[in-house]
Structure formats: structure tokens, C-alpha cells
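To start, the structure under review is shown below, and the notes come after it.
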2 protein chains.
Amino acid sequence: MKPKVSLKDIAKEVGVSIPLVSYVLTGKGKENRVSEETAQKILKAAKALNYQPNLNARSLKTNKTKTIGVILADISNPFFSNLARVIEDEAFLRDYTVIFGSSDEKKEKFDKVLEFLLSRQVDGFIIAPPQDSKPSISNLLKQKTSVVLIDRYFKDMEANCVIIDNVSASVSATDHLIQKGHKRIATVAYKSKLAHFADRCDGYYRALEQAGMVVDEKLVVKIDRESPKKEMKRAINELFSNEPVDAIYFQTNTLAEEGLRQMLGMDRDILKKVDVIVFDQNSTYHFLENFIPYMNQPIKKMGQTALSLLIDDIEGKGKKYQKIQLGTKLETGVESEL
Amino acid sequence: MKPKVSLKDIAKEVGVSIPLVSYVLTGKGKENRVSEETAQKILKAAKALNYQPNLNARSLKTNKTKTIGVILADISNPFFSNLARVIEDEAFLRDYTVIFGSSDEKKEKFDKVLEFLLSRQVDGFIIAPPQDSKPSISNLLKQKTSVVLIDRYFKDMEANCVIIDNVSASVSATDHLIQKGHKRIATVAYKSKLAHFADRCDGYYRALEQAGMVVDEKLVVKIDRESPKKEMKRAINELFSNEPVDAIYFQTNTLAEEGLRQMLGMDRDILKKVDVIVFDQNSTYHFLENFIPYMNQPIKKMGQTALSLLIDDIEGKGKKYQKIQLGTKLETGVESEL
DNA sequence: TACGTTTGTTTAAACGTTAAAGCAACCATG
DNA sequence: CATGGTTGCTTTAACGTTTAAACAAACGTA
């Protein structure tokens with residue numbers, strides 16, 4: 001590595017003291033009454049020497065790192081990798097650095113990652129919290145750390161969050177199947193205590209109720225994350241034994257992917273007999289003969305909003321706390337040509 | 001944020017000078033002849049006060065950030081998001097921080113991201129270089145920056161890299177189709193000057209030659225990244241007009257995804273008439289009736305190897321430079337049950 | 001002409017580390 | 001019993017910033 005140029009070098013070059021250079025280069029020249037003339041000289045020299053500020057030194061002094069920690073469930077899951085990408089882009093534009101960590105939906109891993117990021121002195125967090133992480137996050141908030149929850153939230157927690165209205169999205173999804181005249185509508189969800197997943201189940205129940213249909217608990221499948229493939233296989237088998245279902249609502253993209261795989265493995269033409277609807281976009285569905293309707297989440301908007309909220313909070317412009325709900329869109333028809 | 005505890009606090013607590021604390025806490029107690037007794041007292045106090053080192057201060061002093069920059073084409077592409085995930089995990093274990101940037105295969109974006117990461121004082125880079133980025137990377141190397149190229153490489157550049165043997169992988173893929181008795185074998189690639197893509201084309205040619213077949217240039221399709229969907233549509237149409245092909249080898253997962261989509265859109269049963277083989281794993285293929293053979297890249301190994309190489313280089317254990325080629329595996333049959 | 005104010009700059013101090021050099025007390029040795 | 005080497009610590013300085021306070025010169029005013 002070449003010897004980096006510092007404020008000192010510029011100061012020497014221009015023949016002026018170090019703070020003057022600092023003032024000018026951080027745009028505080030005016031308020032520190034630096035003469036226009038020297039300001040120009042400093043700027044010129046800085047450019048000539050290709051000065052790059054040492055962010056470590058700056059952070060040390062200011063106690064701000066211009067870095068945020070982002071903890072998602074798993075960056076290799078398309079939903080989260082898309083979210084990650086949006087956050088990355090937006091942060092880049094705003095000159096913030098992002099450090100990602102994957103929790104793998106496990107509290108223990110989450111806590112480790114959190115600690116790791118805290119030790120990196122990040123200015124704030126965007127978090128898609130896993131189950132049981134509420135205490136860790138409360139703790140964070142107690143210490144006045146800036147946090148924005150994304151995709152998920154906790155009931156009774158006064159925290160910034162950017163989510164969708166899972167209940168009504170789920171009502172719409174279920175209702176779509178009801179409107180098509182289906183009677184035995186199953187839903188497949190993860191076994192989880194997370195509020196947003198509970199909301200999706202609620203939506204399912206509510207839609208059925210509104211339609212005056214009775215809920216058959218056998219049609220509500222909860223998949224354990226520990227052995228999703230095995231459980232899905234069993235579940236799909238059950239749903240199609242005895243009295244087969246005539247529609248299935250998968251509550252996440254990963255569930256849908258595995259579920260469809262099992263279904264198609266069982267019967268190549270199954271989608272001619274069973275209607276399916278899915279939460280989240282997934283390029284996978286392009287390959288199926290039948291278009292699979294899906295509940296499209298505004299990933300881009302979510303990421304951007306979360307980052308804005310967070311930065312506002314970090315820079316002290318944040319009002320109390322905000323809970324932002326974005327709209328979803330049920331995609332039922334022809335795909336958009338891009 | 002709460003007032004952080006520093007070395008000073010521990011020093012005061014134990015009644016000893018600051019450097020002593022530093023020595024003990026960085027494991028240099030012995031070599032600085034700190035007595036066992038005080039060392040223990042210091043460690044105890046550090047734990048009691050829950051001391052977390054200020055990495056900015058440390059970096060300022062040591063000129064090392066324990067941070068690496070990773071520039072990939074696009075984190076939301078499954079191949080790269082999987083790679084990102086592996087690197088994240090591995091870095092986490094080795095206590096290195098990772099900052100990701102996406103180049104979007106554009107030199108200009110790449111340079112911006114590079115500059116951004118450089119200004120963050122990263123200790124080194126893992127890079128999947130886009131087209132035309134050779135000068136930027138040469139420049140980096142000239143300044144003795146630690147760099148490991150991944151997935152791609154440049155001919156005649158003395159740089160660490162972790163890649164696969166694209167030529168022979170491509171020969172195998174093509175050969176697989178030849179063995180099945182196909183005569184008109186098309187291949188779909190990106191229009192690109194990148195060496196690894198050229199290698200894949202070479203492999204295709206070589207396999208045909210070895211089999212004593214003549215190359216029909218009409219069967220070699222190059223897709224421009226500017227308008228991939230449109231070009232793919234045209235290409236697929238052409239391949240199936242007049243004299244239809246009887247096999248297609250897609251050279252990347254994104255090409256395959258779009259290509260298959262177009263093919264299936266044209267004719268739902270097309271895979272009964274045309275054999276397809278693909279570079280890269282993709283969960284998408286689960287949905288197709290026919291198993292699609294694919295060339296599996298050792299993503300995990302690639303990420304881990306790249307990180308090891310990089311860290312060795314950063315910490316000065318690196319020999320000259322290394323070009324590491326990992327093996328690929330042609331997956332042709334029953335999928336592994338997990 | 002003296003005095004407060006403005007203008008443009010410098011000096012000093014600090015952020016939390018690490019690295020080198022300094023120093024005192026002790027020990028063993030010839 | 002002076003000498004030199006350990007042992008265990010402290011002091012000093014530095015990394016590159018930012019911030020506050022100090023200062024000197026020039027100016028306007030009385």
C-alpha cells in the first residue's frame with residue numbers, strides 16, 4: 001500500500017494549519033471563517049494530492065462510523081438477497097457502508113451476529129428478527145441504538161419497522177382462491193411464533209370466516225424448519241389422501257418451492273386439478289405451465305424505506321418511532337414484459 | 001449509546017497503566033513480561049466491565065481494518081448470493097468483516113464500488129471482475145493491494161485467483177450431449193470478452209472437434225446483456241426454425257433460466273424433443289418434468305479458498321501468487337435427497 | 001488614541017489504541 | 001560489591017481526525 005495522504009500533507013503543501021484543512025474539506029469553512037482564498041487553495045491541493053479521508057480516524061473522533069449492520073435470515077434466499085441488494089444500492093448512494101449478517105432464523109446465531117456488528121461500531125441496524133430475538137432487540141433499543149425492523153415485527157414493541165399488512169394480504173390471497181369457487185382450501189405455513197407469520201394465518205382464517213366457510217384444521221399445515229423437506233412430503237401426501245384439497249395457499253416462497261416440487265413429483269399434472277397461490281415473487285414459477293398467482297411484496301420500497309428511516313434516526317431527524325406498512329399486490333395474470 | 005468502556009477504564013480499575021492492559025488483552029502479555037498475577041487481574045476486570053475494543057482506534061494505529069471488500073456481479077443472482085453467503089460465513093469465523101458491492105457487470109459501476117471500498121480502507125479484495133476491469137485491477141496490484149479474483153480471471157495477469165477449469169468443464173458438458181447421440185448441438189453464451197466465458201466456448205468447440213463434428217456457427221448464440229430477454233427470444237426462435245437443433249448447452253444459469261422460459265413458452269413439451277444441459281446449479285430445475293443435467297460449481301469451496309488465499313496474503317503468509325483451479329461435477333442423474 | 005469587534009488563523013486537546021523506549025528494583029555472577 | 005541481566009512496570013509518542021479555545025491583526029467606533 002502506498003503512503004496515504006493526510007490532512008497534514010495538504011496543510012504543509014498549502015502552508016496552513018491542519019484544522020483549517022479539516023474545516024474546508026468537511027464543508028465547515030464558512031462557519032469557521034476560513035477566507036475564500038485559502039479555501040480554494042486547500043481544495044485545489046486536496047484534489048491534486050488525491051486526498052482520501054481516513055475514516056477510522058474520523059470515526060474515532062466523531063463516534064460515528066457511517067456504517068450500518070443488516071441482519072437478515074439468509075442472504076442466499078432470493079427474498080432476502082433481493083432485499084440485500086436494494087439496501088446495498090441505497091446505502092451506496094447515501095455514502096453508508098453496509099455489513100450483512102445471516103441469522104439462519106436462529107436466536108443464537110442472531111445474537112452472535114449482533115455482537116459482531118456491535119463490536120464493529122455500526123451506527124444502526126436493519127433487522128429481520130428471527131424467533132425469540134425480542135429480548136435482544138429490546139436490549140438494543142434500551143441502549144438507544146438505532147434500529148429498523150424489516151419484514152417482521154413484534155407486537156407491543158415500540159420500534160421502527162417497515163412491513164407489509166400481512167393480515168389483509170393473506171385475506172386477499174385466500175379470497176382469490178375462494179372466489180374461484182374452491183371449498184377445501186389448504187394453507188402451508190412455517191411453524192413459528194413470529195407475528196408476521198401469525199398474521200398470515202389470521203388472514204387465512206379471516207377470509208374463510210368472511211366467506212362463511214368452516215375452517216378444517218387438517219387443512220392448516222405447519223412445517224418445522226428443522227426438517228422441511230421431510231415434513232413437506234408428509235404434509236403434501238396427507239393433503240392429497242382421502243379427501244383431496246382443491247387449492248393450496250403457500251405462505252412463503254421457500255415453502256412454495258418445496259411444496260410444488262413434492263406435488264409435481266407426485267403427479268405431473270397436479271396443477272390442473274389443484275389451484276395454488278403463493279406469497280412472494282419467484283422466478284421459478286416461470287417454468288410451470290400454469291401461471292401461479294403470487295402476492296408480490298414491494299421489496300425495493302421496503303429496503304429504501306427502511307434505510308431512510310434508519311438514517312433519519314441515526315442523524316437525529318427521527319420522530320419517535322414509526323411503523324410503516326406498505327401495500328402488496330396480488331399478481332394473478334399475465335406477467336409483465338420487461 | 002452508553003459510554004463505552006476503554007482500556008483506560010480497565011487500567012484504572014486494576015490500578016495499572018494502559019499499555020499493560022493492551023498487552024494482556026491482545027495476547028502479547030508474555031512477550032512484554034507482564035506478570036501472571038496482573039494479567040489475571042486485567043482479564044478479570046475486562047470481563048467484568050464487558051470490554052469491547054474500539055476497532056477504529058486499533059485500525060488507525062495498526063493500519064489494518066480486518067475488513068475485506070467483495071465485489072461480485074450482482075448479489076441478487078443466485079450464484080453470487082450463494083458465494084456471498086459462503087464468504088460471509090467464513091469471514092465471520094475468522095473475525096473478518098465483509099463489505100459487498102455489486103458491479104452489475106459494468107466497468108464504471110465496478111470502479112465506483114472499488115473506490116468506495118478503498119476509501120473504507122479494506123485490507124483486501126475478493127473480486128469477480130467484470131469486462132474491461134483489467135486496468136483497474138492491475139492498478140490495484142501495482143499498489144500491492146491484496147486481491148483474489150474469483151470465478152473469473154485475466155490471461156497474463158499475475159494475480160491470485162480461484163476458478164474452475166472452464167474449458168474442460170465445458171468439454172464435459174458438450175460431450176455429454178454428444179454421447180447421447182445429438183448432432184445439432186447449440187450453445188448459448190453471453191457476448192463477452194471475459195476469459196472464463198471464452199473458455200466455455202472453447203470447450204464447446206473442442207468437444208465437437210474431438211468428436212469429429214463440424215461446428216455450425218449458427219448454433220453458437222451470443223446474447224447481449226443489454227437486452228437479454230429480447231435477444232433470447234429471437235435466438236430461441238431461430239434455433240427452432242428451419243432445421244431445429246436437437247440439444248442446447250446453456251453456459252450460465254441466468255441464460256438457462258431465460259432460455260428455458262422462452263422454450264417452454266413456445267412449446268410445453270419441448271424438453272421431450274430437445275436435450276438441454278446447463279452451467280450452474282439452480283433450484284428452478286426441480287420444477288421441470290425432465291431432470292436437467294447441470295455442471296455443478298463448488299461454490300462453497302471457491303468462497304472458502306478465496307478467503308483463505310486472501311487472508312494469507314493480507315497477513316503476509318502468501319507466497320508469490322496462486323492460481324487455484326477447482327473441479328466441477330456434472331450432475332446427470334437422480335438428485336441427492338437431503 | 002484607546003477599545004471592542006470582526007476576521008483569519010493557530011494551538012491545544014482529545015478520541016482509544018499500539019509500539020518503542022525508559023526506568024527502577026531485583027537477581028546472579030565473578 | 002560493582003556489573004550486567006532479568007523482571008515488571010510506566011512514560012512517551014504516534015496514528016489522522018475534529019473541536020474548542022486562544023491569539024493576532026485589522027477594523028470600526030467613540
Side-chain angles (χ1 to χ4, degrees), chain A residues 1-43 45-46 49-67 95 118-121 123, chain B residues 1-43 45-46 49-67 95 118-121 123:
Chain A
M1 294 268 188
K2 68 218 157 183
K4 278 285 224 164
V5 4
S6 69
L7 292 183
K8 197 167 161 184
D9 301 310
I10 301 179
K12 199 179 293 173
E13 178 76 14
V14 181
V16 86
S17 72
I18 296 174
L20 267 207
V21 182
S22 170
Y23 291 143
V24 171
L25 262 29
T26 51
K28 302 198 189 100
K30 279 273 169 322
E31 69 189 82
N32 288 88
R33 346 177 266 257
V34 179
S35 76
E36 187 55 32
E37 193 188 0
T38 42
Q40 287 307 324
K41 277 197 262 178
I42 287 170
L43 288 171
L49 297 177
N50 186 30
Y51 170 73
Q52 296 289 124
N54 182 322
L55 300 188
N56 288 311
R58 180 177 290 172
S59 295
L60 176 59
K61 195 63 184 119
T62 62
N63 224 5
K64 290 261 164 268
T65 53
K66 284 270 216 169
T67 298
D95 208 38
L118 277 171
S119 77
R120 261 67 188 168
Q121 270 104 2
D123 293 340
Chain B
M1 294 270 186
K2 69 214 155 182
K4 278 283 225 167
V5 5
S6 69
L7 292 183
K8 198 165 157 185
D9 301 311
I10 300 178
K12 199 180 294 173
E13 178 76 15
V14 181
V16 87
S17 73
I18 296 175
L20 265 208
V21 182
S22 170
Y23 292 143
V24 171
L25 261 30
T26 50
K28 302 199 189 99
K30 281 273 169 320
E31 68 190 86
N32 285 89
R33 349 178 263 254
V34 179
S35 74
E36 188 55 32
E37 193 189 359
T38 42
Q40 287 307 325
K41 276 198 259 176
I42 288 171
L43 288 171
L49 296 177
N50 186 30
Y51 169 75
Q52 296 290 122
N54 183 323
L55 300 188
N56 288 311
R58 179 177 291 173
S59 295
L60 176 58
K61 194 67 181 111
T62 61
N63 224 6
K64 289 262 165 266
T65 53
K66 284 270 217 170
T67 298
D95 209 36
L118 277 171
S119 77
R120 261 66 187 168
Q121 270 105 3
D123 293 340

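Heavy atoms only: backbone and side chains are in, while hydrogens, waters and symmetry mates are out. Numbered from 1 within each chain, the chains take letters A, B, ... in sequence-line order.
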May I ask you to say what [X] touches in the nucleic acid, namely base, sugar-phosphate or nothing, with a heavy-atom cut-off under 4.0 Å?
X	answer
B:R33	base
A:N56	nothing
A:S59	nothing

At less than 4.0 Å, is any side-chain N or O atom of [X] found next to OP1 or OP2 of [N]? Yes or no.
X	N	result
B:Y23	D:dT10	no
B:K4	C:dC15	no
A:R58	D:dT18	yes
A:K8	D:dT17	no

Minimum-distance nucleotide (side-chain atoms of [X] versus [options]):
X	options	value
B:S6	D:dC9, C:dT18, C:dG16	C:dG16
A:I18	D:dG8, D:dT18, D:dA20	D:dT18
B:T38	D:dC9, C:dT9, C:dC15	D:dC9
A:L60	C:dC23, C:dG16, C:dT9	C:dG16
A:S35	C:dT17, C:dT9, D:dT18	C:dT9
A:L20	C:dT17, D:dC9, C:dT9	C:dT9
B:S22	C:dA19, D:dT11, C:dT18	C:dT18
B:A57	C:dG16, C:dT18, D:dC9	C:dG16
B:K61	D:dA14, D:dT18, D:dA22	D:dA14

I'd like to check A:L43 versus A:V24 (side-chain heavy atoms, cut-off strictly below 4.5 Å). Are they in contact?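 SC-SC contact between A:L43 and A:V24 confirmed.
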
Close side-chain approach of A:Q121 and B:L55, heavy atoms under 4.5 Å: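 Answer yes - side chains close enough.
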
Nearest whole Å is fine: how far is [N] [atom2] from [X] [atom1]?
X	N	atom1	atom2	value
A:L7	C:dT10	CG	C1'	15 Å
B:D9	C:dG16	CG	C1'	10 Å
B:E31	C:dA19	CD	C1'	11 Å
B:I10	C:dT17	CD1	P	8 Å
B:I42	D:dG8	CD1	C1'	11 Å
B:K66	C:dT17	NZ	P	16 Å
A:L55	D:dC15	CG	C1'	14 Å
B:E37	D:dC9	CD	C1'	13 Å

Start at the 5' end of DNA chain C and walk down; is the nucleotide closest to A:A39 or to B:P19 reached first? A:A39

Which comes earlier along DNA chain D counting from the 5' end, the contact point of B:T62 or that of B:G15, where each point is its nearest nucleotide? B:G15

Taking atom CG of A:N63 as the centre, report whether more than 12 heavy atoms of other residues, nucleotides or ligands fall under 6.0 Å from it. no

Strictly distance-based, threshold 3.5 Å: is any side-chain N or O of A:N54 a donor or acceptor partner for the main-chain N or O of A:N56?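 Answer holds: yes.
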
Is there a donor-acceptor pair under 3.5 Å between the side chain of B:N32 and the backbone N or O of B:Y23? no

Interatomic spacing from NZ in B:K4 to CG in A:L118 - rounded to 0.5 Å: 7.0 Å

